[in-house]
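Shown next, in structure tokens, is the structure this report addresses.
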Amino acid sequence: MNRNSVALYEEAKKRMPGGVNSPVRAFKAVNMTPIFMKSAKGDKIKDEDGNEYIDYVCSWGPGILGHAHPKVIENVKSACDNGLTFGAPTKKEIEIANLIYECFPTMEVSRLVSSGTEAVMSAIRVARGYTGRNKIIKFKGCYHGHSDGLLVKAGSAALTTSVPDSAGVPKDYTKHTLVANYNDEDSVKELFESNKDDIAAVIVEPVAANMGVVLPKDGFLEFLRDITKQYGALLIFDEVITGFRLSLGGAQEYFKIKPDLTTLGKIVGGGMPVGAYGGREDIMRYVSPDGPVYQAGTLSGNPIATAAGITTIKMLQEDKDIYKRLEKKTTKIAETVRKAAKGKAVVNQIGSLMSIFCTDKGVVNNYDGALSSDLALYADYFSHMIKNGIYIAPSQFEAMFISDAHSDEDIAKTCRVLEDFWK
Ligand SMILES: Cc1ncc(COP(=O)(O)O)c(C=O)c1O
């Protein structure tokens with residue numbers, strides 16, 4: 001029963017676009033009414049009708065420790081007692097910058113912002129300011145937040161003509177955004193060859209997780225490192241999802257590649273609005289007030305948000321086995337589906353990130369592969385999971401996130417429900 005959610009949705013639609021504050025929450029892709037949530041604890045989330053679900057959305061990634069971890073809540077509460085925001089520097093900002101550097105040694109100097117969108121937008125501005133160049137290369141199917149210049153999707157036949165994805169974005173704003181195919185070295189080489197001295201940076205999700213989870217082919221990230229060096233461009237890893245998730249040091253530690261700049265979000269804020277960008281000191285010294293690239297924020301480095309981030313990062317640092325545990329749980333789910341689906345689905349998994357693609361094509365390693373999914377089947381699968389008390393992303397093109405709070409019992413229940421469907 002979801003009578004209360006339905007009523008709340010009707011009310012919400014009157015005052016908010018689509019009744020939501022971020023589009024994917026509206027459940028449009030699965031033709032259902034969004035579920036209004038009331039509380040969450042550990043691996044469970046409860047809705048306004050009192051239904052409880054095992055949660056694999058985990059707020060789209062931040063919840064690596066599960067919801068409302070007592071230590072995080074305690075430190076947030078005690079930070080609140082000291083005041084919500086000062087708009088002046090605090091000790092906590094030094095502490096989190098040091099923690100970020102310990103985990104991501106390539107982030108010699110970093111700046112805190114309040115979202116992943118801001119982190120990426122700012123990193124690109126720095127890359128342009130540092131190199132004195134205009135163009136950037138992004139990959140089809142990779143999402144880097146909703147800033148104008150990054151809302152670009154190019155058709156497969158039009159890798160060099162960048163068309164804005166959203167109304168309200170002037171074509172002029174995206175003319176410097178070139179789009180290549182993920183895992184396709186030739187498409188990147190072509191763009192470098194035809195724009196030799198004007199590419200400031202390549203930005204990539206080192207593991208793509210916004211077209212569903214798509215892993216980089218062997219050597220693809222190394223190739224990006226090499227070609228950017230060769231042409232004097234910067235390599236930006238957007239680790240908003242992979243940072244602190246694939247390993248403490250994110251994808252760059254996992255794959256042993258050193259980008260010039262990195263963007264973080266989600267886990268770095270431990271459930272509060274935090275993003276960060278940073279990288280090589282000589283590049284980051286271009287940021288105001290050290291340098292000429294302007295970027296600022298009223299609530300940047302907010303003491304409550306940094307308290308949540310610091311506590312989360314420290315807990316990840318102190319728990320030497322957490323990434324092994326997360327991978328083990330996720331592998332169990334992935335293998336269950338592979339076995340049950342017998343070729344009717346493709347399961348991509350790395351660490352505690354996974355996606356089940358409703359496609360019988362056998363492999364998904366780029367955007368076109370992801371698009372081969374049967375979206376009606378995904379909607380059926382979603383509805384089956386919800387009916388059985390399991391909350392997953394209401395869209396084929398999102399990741400499933402596993403947290404340390406997911407108990408063996410709940411993983412086993414999830415596997416049974418998945419088997420039921422995929423058999
Ligand atoms: C890889 C990546 N970059 C950037 C963003 C934007 O982050 P935010 O939603 O915090 O603005 C997201 C959001 O999902 C993301 O997945």
Side-chain angles (χ1 to χ4, degrees), residues 20-26 29 56-64 104 111-125 127 136-153 165-166 177 179 182 201-216 221 224 235-246 250-252 254-255 259 261-279 295 297 299-300 302 305-306 308-309 312 348 350-355 367 370 393-401:
V20 290
N21 278 312
S22 195
V24 72
R25 297 180 198 169
Y56 291 99
V57 177
C58 293
S59 191
W60 308 97
I64 193 162
F104 292 79
R111 167 70 57 88
L112 291 184
V113 291
S114 300
S115 68
T117 297
E118 263 186 279
V120 177
M121 183 183 80
S122 312
I124 284 174
R125 189 177 301 150
I136 56 158
I137 296 179
K138 79 173 282 285
F139 293 91
K140 221 201 273 186
C142 282
Y143 177 67
H144 302 291
H146 63 90
S147 65
D148 285 343
L150 288 163
L151 284 180
V152 179
K153 183 172 69 181
D165 237 354
S166 161
T177 310
V179 182
Y182 196 78
V202 171
I203 180 157
V204 66
E205 286 183 78
V207 170
N210 283 289
M211 48 177 144
V213 174
V214 173
L215 276 60
L221 298 174
L224 294 181
L235 178 62
I236 307 174
F237 271 11
D238 180 352
E239 298 231 37
V240 166
I241 285 188
T242 52
F244 302 104
R245 174 147 301 268
L246 288 192
Q252 52 198 269
Y254 194 99
F255 293 107
L261 290 171
T262 299
T263 57
L264 300 173
K266 304 195 190 255
I267 295 174
V268 75
M272 300 287 280
V274 180
Y277 68 99
Q295 185 273 314
L299 293 177
S300 297
N302 169 274
T306 45
T312 303
N348 284 352
I350 179 165
S352 57
L353 274 178
M354 66 172 276
S355 278
Y367 187 56
S395 159
Q396 171 70 89
F397 306 110
E398 302 287 351
M400 191 165 173
F401 295 96

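Values below: every heavy atom of this structure, side chains too, minus hydrogens, waters and symmetry copies. First listed ligand is number 1; within each ligand, the first listed atom is number 1.
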(request) Output the list of atoms in ligand 1 that are nearer than 4.0 Å to some heavy atom of E205, sorted by atom number. (result) 1 (C)
(request) For ligand 1, note which part of H144 has a heavy atom under 4.0 Å away: side chain, backbone, both or neither. (result) backbone
(request) Considering only non-hydrogen protein atoms, determine which one is nearest to atom 16 (O) of ligand 1 and report residue, atom name and distance to 0.1 Å. (result) N210 ND2, 2.9 Å
(message) Do T262 and Y277 have side chains that approach each other closer than 4.5 Å (heavy atoms only, starting at C-beta)?
(response) no
(request) Could you check if a side-chain atom of F237 sits within less than 4.5 angstrom of a side-chain atom of L221, using non-hydrogen atoms only? (result) yes
(request) Go through ligand 1 atom by atom and flag the ones less than 4.0 Å from a non-hydrogen atom of G116. (result) 6 (C), 7 (O), 8 (P), 10 (O), 11 (O)
(message) Please list, in number order, the atoms of ligand 1 under 4.0 Å from a heavy atom of G145.
(response) 4 (C), 5 (C), 6 (C)
(message) Any atom of ligand 1 sitting under 4.0 Å from a heavy atom of K266?
(response) yes
(message) Using a plain distance cutoff, I'd like to know if T117 has any nitrogen or oxygen under 3.5 Å from a nitrogen or oxygen of ligand 1.
(response) yes
(request) Compute the minimum heavy-atom distance from W60 to ligand 1 and say whether it is under 4.0 Å. (result) no
(message) Are Y367 and F397 an aromatic pair, judged by ring center distance below 6.0 Å?
(response) no
(request) Measure across S355 and V213 and return the closest heavy-atom pair with its distance rounded to 0.1 Å. (result) OG-N, 2.8 Å
